[in-house]
Amino acid sequence: MKIATWNVNSVNARLPTVLEVLKTCEADVWCLQEIKCIDEKFPREELEGAGFNCAVFGQKTYNGVAILSKFPISDEVRHLPGEPEDEQSRYLEVLVECPRPIRVASIYLPNGNPRPSEKYDYKLRWMDRLNERAKALLTYEEPVVLAGDFNCIPRDEDCWDPKAWAEDALAWQDTRERFRKLQWMGYTDAFMARDGRIQKYTFWDYQAGAWQKDWGIRIDHLMCSPHAADRLKAISIHRMARALEKPSDHVPVIATFAD
């Protein structure tokens, strides 16, 4: 059982690249972020033709998350509880009905820059809401994988230059503290559990030749509940997706679980 997370940075603008990656980087479930389209504009026909069931929580021009699954999906949750006035499409959760069902969420956490600002305050509130939902999910006593673009650099070793990122919202102490709360309550960072090497990145900016210089950061994570962590076998970062024609600035991260 393979579960992937990937910020596609506009599913329609990069659809040929998306279809190529889905074909070459095999996974049973894909958690997509920044699809940047409303539900009606999501390329459902093409992705269903590639063998996936689709759950979509879109938004015009910005944000948007989706989950693709080779298995039936049910029990869909769109949006995090706790802030009813929040209209941004950043959280989608489903139950994947494989032989050993697993609950999966696709997460696009706010960037939060500049800091300090209302944008950063929103980021922290959103992380608090995510942690409340994550805590509630533990009571289900089922495998849960929270997968997505967390816009959090967990440690200095997860970026090319800690000094360059020291004041950024992605690496600021309040961001990291909230990310660690997920771990304290019982969620496992799949990468740290099955790899953990330093300077292994999932994002390279389009500017300043970041990809060519390997100026990257690790901000795309799969956080596993205890029931999911018990089944976690391996993790891989599909780095070369960044070298494709018209790539996203993120690459897929794929976790393998025991069936």
Side-chain angles (χ1 to χ4, degrees), residues 1-73 76 78 88-92 94 96 104-109 111 145 147-151 200-222 235-256:
M1 175 70 174
K2 292 186 177 183
I3 299 175
T5 183
W6 186 24
N7 180 321
V8 296
N9 193 9
S10 184
V11 68
N12 286 308
R14 305 183 201 284
L15 186 56
T17 302
V18 170
L19 292 172
E20 180 178 351
V21 170
L22 294 182
K23 183 178 179 180
T24 57
C25 301
E26 292 186 4
D28 302 288
V29 178
W30 286 85
C31 297
L32 306 181
Q33 301 88 41
E34 255 194 302
I35 61 172
K36 294 184 177 179
C37 66
I38 60 175
D39 295 10
E40 293 78 8
K41 296 294 184 179
F42 188 77
R44 186 179 295 270
E45 182 177 347
E46 291 87 345
L47 294 169
E48 288 178 347
F52 294 100
N53 298 297
C54 303
V56 184
F57 182 28
Q59 182 178 336
K60 186 177 181 180
T61 309
Y62 302 102
N63 307 323
V65 285
I67 297 175
L68 315 179
S69 172
K70 292 182 178 179
F71 300 97
I73 48 182
E76 184 175 317
R78 295 158 58 101
Q88 298 189 31
S89 300
R90 294 182 174 273
Y91 182 89
L92 177 64
V94 303
V96 177
V104 176
S106 183
I107 291 164
Y108 180 42
L109 209 142
N111 178 285
V145 177
D149 176 0
F150 280 71
N151 268 316
K200 295 297 176 182
Y201 309 132
T202 64
F203 170 92
W204 295 260
D205 198 276
Y206 292 125
Q207 306 299 319
W211 165 245
Q212 292 78 8
K213 298 172 184 175
D214 201 25
W215 288 358
I217 56 177
R218 184 174 75 91
I219 56 175
D220 301 271
H221 311 299
L222 293 98
I235 190 80
S236 57
I237 297 173
H238 288 262
R239 175 186 173 96
M240 291 315 296
R242 184 63 174 78
L244 295 174
E245 184 177 355
K246 203 170 185 181
S248 170
D249 41 8
H250 297 250
V251 297
V253 184
I254 303 180
T256 303

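Around OH of Tyr62, the count of heavy atoms belonging to other residues, nucleotides or ligands within 6.0 Å does not exceed 12. At most 12 non-hydrogen atoms from other residues, nucleotides or ligands lie less than 6.0 angstrom from CD of Gln207.
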Leu47/Leu22 under side-chain contact (heavy atoms from CB on, under 4.5 Å): CA gap, chis, key distance, verdict: CA-CA 9 Å; Leu47 294 169; Leu22 294 182; 3.5 Å; yes

Step by step, would you call Met1 with Val96 a side-chain contact (heavy atoms from CB on, under 4.5 Å)? CA-CA 11 Å; Met1 175 70 174; Val96 177; 4.2 Å; yes

Run Ser248 and Thr17 through side-chain contact (heavy atoms from CB on, under 4.5 Å) and show every step you take. CA-CA 9 Å; Ser248 170; Thr17 302; over 6 Å; no

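With contacts defined as side-chain heavy-atom distances shorter than 4.5 Å, the pair Arg242/Tyr201 does not qualify. The shortest side-chain heavy-atom distance between Tyr91 and Arg78 does not fall under the 4.5 Å cut-off. Side-chain contact between Asn7 and Phe203 is absent, with no heavy atoms from C-beta onward closer than 4.5 Å. Side-chain contact between Val21 and Trp30 is present, with at least one heavy-atom pair separated by less than 4.5 Å.
One N or O on the side chain of Tyr206 and one on the backbone of Asp249 form a donor-acceptor pair closer than 3.5 Å. The backbone N or O of Lys41 lies less than 3.5 Å from a partner atom in the side chain of Asn12, making a donor-acceptor pair. Between the side chain of Trp211 and the backbone N or O of Ala243 there is no donor-acceptor pair closer than 3.5 Å. Judged by distance alone, the side chain of Gln59 and the main-chain N or O of Phe57 form no donor-acceptor pair under 3.5 Å. Using a distance-only test at 3.5 Å, with no hydrogens or angles considered, no donor-acceptor pair links the side chain of Glu34 to the main chain of Asn9. The backbone N or O of Pro247 lies less than 3.5 Å from a partner atom in the side chain of Arg14, making a donor-acceptor pair. Panel note: side chain Ser106, backbone Leu92; no donor-acceptor pair is recorded below 3.5 Å.
Smallest separation of non-hydrogen atoms from Ser10 and Lys36: CB-CD, 3.9 Å. Here the closest non-hydrogen pair linking Ile67 and Val104 is CD1-O, 3.7 Å. Across Ala55 and Val94, no two heavy atoms sit closer than the pair CB-CG1, 3.9 Å. Contact between Ser89 and Asn63 at its shortest, heavy atoms only, is O-CB, 3.4 Å. Annotation for Glu26 and Lys2: closest pair O-CD, 3.5 Å, computed over non-hydrogen atoms. Listed here is the closest heavy atom pair of Asp205 and Ala210: O-CB, 3.3 Å.
Of the inter-residue distances, the one linking Asp28 atom CG with Ile254 atom CD1 reads 10.0 Å to the nearest 0.5 angstrom. With values rounded to the nearest 0.5 angstrom, Ile3 atom CD1 is found 9.0 Å from Ser69 atom OG. The CZ atom of Arg90 sits 7.5 Å away from atom CG of Leu109, with the distance rounded to the nearest 0.5 Å. Taking OG1 of Thr256 as the reference point, atom CD1 of Ile235 lies at 7.5 Å (rounded to 0.5 Å). Rounded to the nearest 0.5 angstrom, Glu48 CD and Asn53 CG are separated by 7.0 Å. Rounding to the nearest 0.5 Å places CD of Glu40 at 11.5 Å from NZ of Lys60.
Looking at Leu32, Asp149, Ile35 one by one, the single match for side chain to side chain contact (heavy atoms under 4.5 Å, CB included) with Tyr108 turns out to be Asp149. For the side-chain hydrogen bond (donor to acceptor under 3.5 Å, both in side chains) criterion with His250, the lone passing option out of Thr5, Thr202, Asp220 is Asp220.
Between Asp214 and Arg239 there is a salt bridge, with a side-chain nitrogen of the basic residue lying less than 4.0 Å from a carboxylate oxygen of the acidic one.
Note on ring orientation: taking the six-membered ring where Trp is involved, the planes of Phe150 and His221 are tilted (angle from 30° to 60°).
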